[in-house]
Amino acid sequence: MAYQYPHLCAPITLGRTTFRNRMFSAPMGGTDITNDGCIGPKSTAFYELRGKGGAGAVTVSECMVHPQTDGSHAYHLDESILNSLAYATYTADAIRRHGAIPSLELSHSGMYAGTYMTDKSKQKSMHQWGPSACTRPDGVEVKALTKDLIDEIVAAYGHVAGLAKRAGFEMLMIHGGHGWLINQFLSPYFNKRTDEYGGSLENRCRFAIEVLQSVRAAVGPFFPIEFRMSGSELFDGGYDLEEGCRIAQQVEPYIDLLHVSAGTYQRGFGDTHPSMFKEHGCNVYLAAEIKKHVKVPVATIGGLNDPAQMEEIIASGKADVVYMARALLADPFLPNKVMANKSEDIVRCLRCFTCMAERAATSTRRCTVNPLIGRECEGDEVRPAPVSKKVLVAGGGPGGLYAAYTAARRGHQVILCEKEAELGGILKSEQALPFKHEMYQLAGTYAKFARDAGVEIRLNTEVTKEYVEKEAPDALIIAVGSAPLVPPIPGLDGDNVVVVNNYYLEKDKVGDDVVVMGGGLAGSECAIHLGQEGKTVHLVEMRDTLAPDANVRHRPLLLKEIDKYVHVHTGYRALRVTDEGVICADVAAELQRTAQFVRVIGDTSRVSTITNAMY
């Protein structure tokens with residue numbers, strides 16, 4: 001078979017283990033982690049889906065090797081914990097049965113122990129240990145690790161590595177980046193020791209090398225060991241790329257794959273996890289430079305979701321392996337689609353951070369564009385209904401398109417009607433914002449899915465009560481979306497005013513000096529885009545905060561962009577609203593009793609997010 005992306009689809013051998021392609025699933029934390037650190041069944045199904053989707057390797061994240069000094073957000077492998085080894089074995093097998101290589105990330109949080117601990121009651125009682133004594137920015141005191149504790153932790157890495165191999169994991173990723181303990185030793189910012197573990201580069205690398213030697217002794221000579229490092233810490237006081245190259249050379253003799261990431265988690269979340277405001281692959285340059293200085297294969301990561309870009313990375317020699325995390329939440333089957341030359345069917349990650357925000361808020365996972373996430377235990381296949389019915393879907397936005405696609409896969413006769421000449425609903429407005437291109441692209445992907453599944457799509461067709469009675473469907477799904485609420489402020493009907501949803505149609509109206517009224521998520525993102533275009537932008541918001549509707553991960557990065565490009569005026573009311581308020585027509589009301597089975601979904605039901613519409 002001639003692959004569209006031959007370098008991406010080529011196998012790679014590390015140690016004596018052959019991986020089926022160069023697309024690896026990066027570490028992503030589980031959700032149903034027990035308080036004693038066991039992998040729950042939902043997490044096993046979560047990782048299995050990536051194996052089933054075609055990834056060359058699937059990395060389970062993270063296994064903390066020394067609970068006595070670390071109890072962060074993750075798993076433990078310990079013979080004294082009931083079912084610990086059993087659950088790890090089930091997880092490795094679930095990944096391996098689909099042809100992917102199961103890998104386990106071994107970590108220690110160091111001075112950030114307990115940051116995301118599952119058992120919150122223990123978090124405040126923990127001692128924090130790091131390479132040097134200090135006080136964290138949040139006031140927590142950190143103790144310097146003694147030589148005896150260092151030896152104990154080094155030995156723990158080896159012990160847990162042996163257990164991981166026994167459980168069926170076929171590769172281990174040693175986490176030496178992102179501000180965790182090994183990175184703390186490597187970093188001149190964190191490491192102020194004056195003994196053999198501090199000072200010179202060789203001394204700062206000593207702990208990492210001892211850990212790698214301990215792991216190698218436990219797993220044997222041909223078992224693949226991967227070392228994850230930040231190519232640069234990307235902040236003043238941390239090490240830069242030049243020193244990152246020297247660190248890579250220090251650890252190279254002890255590893256089979258060098259995984260180059262970026263930044264320090266606690267000081268630059270947007271560097272470690274590039275947001276929609278950054279270029280895809282913005283961290284690849286770090287791996288490309290380090291690869292020039294080592295002979296071991298190099299992996300790269302950072303907002304990658306386009307197979308053409310990933311192919312170029314490998315073909316041009318910037319890296320040997322590409323890692324994806326969020327991209328494989330959005331579409332776990334991305335590798336299979338690439339291998340089958342069906343890249344046009346890939347659902348692209350929006351980099352909206354719903355996945356990470358949800359985990360922080362509720363210890364669960366969701367994905368804006370993939371409602372399978374969190375429901376993996378129910379299976380990933382849509383099964384045919386016992387009786388085929390006629391289903392009418394009113395509305396061609398993301399919710400309506402996905403509902404039609406699902407109904408068609410169940411074997412129903414599906415008609416989708418959209419009153420406008422183009423599908424996409426509110427997503428059409430996103431085409432004007434370059435950093436939200438994937439969101440606009442999503443409508444086209446879902447439309448393709450619906451058509452391929454056999455949905456009949458009728459454009460320029462409004463669903464009325466009479467239309468439903470004429471079609472006589474067995475089921476009606478109402479997904480007609482919402483309309484923007486425009487307050488009756490004098491002057492808003494002028495030709496110099498553009499409703500944000502229509503901006504993509506009326507861009508020519510917008511001059512070089514712009515006032516954006518309303519500082520919610522939509523207004524804030526529009527203001528950023530206009531500022532990036534070089535316009536002078538004033539953002540006016542009645543409340544004292546901006547974008548309260550943005551999620552906890554996206555909002556801080558959005559506010560940083562606001563600071564760069566926008567003049568903000570919070571606490572200002574735009575003229576006045578009359579006592580009459582706003583009168584709205586409920587489009588859904590008259591359709592409620594027109595079919596035996598009626599469901600109202602998406603913004604029609606409750607103005608919210610794409611995520612809620614999809615689920």
Side-chain angles (χ1 to χ4, degrees), residues 25-32 42-43 45-47 49-50 53 61 73 116 265 269-270 272-278 280 301-305 324-334 346-376 380 397-399 401-403 424-427 429-430 433 435-443 445-446 482 520-525 528 546-561 601-603 605-615:
S25 177
M28 287 182 281
T31 54
D32 57 339
K42 278 188 172 290
S43 295
F46 172 79
Y47 294 119
L49 188 59
R50 266 129 219 90
S61 169
H73 56 299
Y116 302 104
Y265 195 98
F269 178 83
T272 307
H273 307 79
S275 74
M276 65 173 62
F277 303 113
K278 293 192 171 187
H280 290 283
I301 191 171
L304 299 170
N305 69 0
M324 293 169 279
R326 288 171 289 170
L328 297 185
L329 285 175
D331 194 339
F333 298 95
L334 184 156
I346 292 172
V347 179
R348 303 295 179 92
C349 169
L350 308 182
R351 298 193 291 176
C352 62
F353 289 124
T354 292
C355 52
M356 307 198 74
E358 197 64 36
R359 186 164 183 253
T362 62
S363 296
T364 61
R365 285 276 191 207
R366 297 185 96 193
C367 174
T368 294
V369 299
N370 185 4
L372 284 178
I373 303 303
R375 298 171 172 174
E376 295 92 346
D380 61 277
L401 286 167
Y402 208 91
I426 199 169
L427 296 187
S429 64
E430 307 294 5
L433 307 184
F435 54 80
K436 300 189 78 174
H437 174 72
E438 281 88 0
M439 201 168 285
Y440 169 64
Q441 191 179 35
L442 181 66
T445 303
Y446 285 163
S482 59
L521 179 59
S524 296
E525 289 180 338
I528 290 169
L546 295 177
D549 48 340
N551 69 56
V552 68
R553 291 299 192 188
H554 181 57
R555 186 169 182 268
L557 303 174
L558 176 118
L559 294 180
K560 284 185 179 179
E561 298 299 310
I601 67 172
D603 277 3
S605 171
R606 174 170 64 97
V607 177
S608 184
T609 62
I610 300 173
T611 309
N612 286 329
M614 296 313 306
Y615 275 74

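When atom types are taken as modelled, the side chain of E376 and the backbone of G374 share a donor-acceptor pair closer than 3.5 angstrom. Of the possible polar contacts, none joining the R359 side chain to the C355 backbone as a donor-acceptor pair under 3.5 Å is found. For the pair Y47 (side chain) and S61 (backbone), a donor-acceptor distance under 3.5 Å is present. R351 contributes a side-chain N or O that, together with a main-chain N or O of K278, makes up a donor-acceptor pair within less than 3.5 Å. A donor-acceptor pair under 3.5 Å links the side-chain atoms of N551 to the main chain of C352, judged by distance alone. Judged by distance alone, the side chain of R365 and the main-chain N or O of S43 form no donor-acceptor pair under 3.5 Å.
Closest approach of G270 to L557, counting heavy atoms only: CA-CD2, 3.8 Å. Residue S363 comes nearest to T31 through the heavy atom pair O-CB, 3.4 Å, listed as atom of the first residue, atom of the second, then distance. Heavy atoms only, all atoms of each residue included: D331 and I346 are closest at OD2-CA, 3.4 Å. The minimum heavy-atom distance linking T445 with V347 is given by the pair CG2-CG2, 4.0 Å. Smallest separation of non-hydrogen atoms from P398 and G424: CD-O, 3.7 Å. V369 and A330 get closest at one heavy-atom pair: CG2-CB, 3.5 Å.
A distance of 11.5 Å separates CD of Q441 from OH of Y446, quoted to the nearest 0.5 Å. Note that CD of E358 is 11.5 Å distant from SG of C367, once rounded to the nearest 0.5 Å.
Considering H273, R555, M276 as possible partners of F353, the one that fulfils the side-chain contact (heavy atoms from CB on, under 4.5 Å) test is H273.
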**Item:** Full working for side chain to side chain contact (heavy atoms under 4.5 Å, CB included) between F435 and E561
**Value:** CA-CA 12 Å; F435 54 80; E561 298 299 310; over 6 Å; no

**Item:** Test side chain to side chain contact (heavy atoms under 4.5 Å, CB included) applied to L334 and L328, step by step
**Value:** CA-CA 7 Å; L334 184 156; L328 297 185; 3.9 Å; yes

**Request:** Please assess L442 against L427 for the test side chain to side chain contact (heavy atoms under 4.5 Å, CB included), listing each intermediate value before the final yes or no.
**Result:** CA-CA 8 Å; L442 181 66; L427 296 187; 4.1 Å; yes

**Asked** Run the side chain to side chain contact (heavy atoms under 4.5 Å, CB included) check on L521 and L558 step by step: do they pass?
**Response** CA-CA 9 Å; L521 179 59; L558 176 118; 4.0 Å; yes

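The side-chain hydrogen bond (donor to acceptor under 3.5 Å, both in side chains) search around N305 returns none, not counting sequence neighbours. In this structure H554 satisfies the ring-ring contact (aromatic ring centres under 6.0 Å, His included) test together with F277, sequence neighbours excluded.
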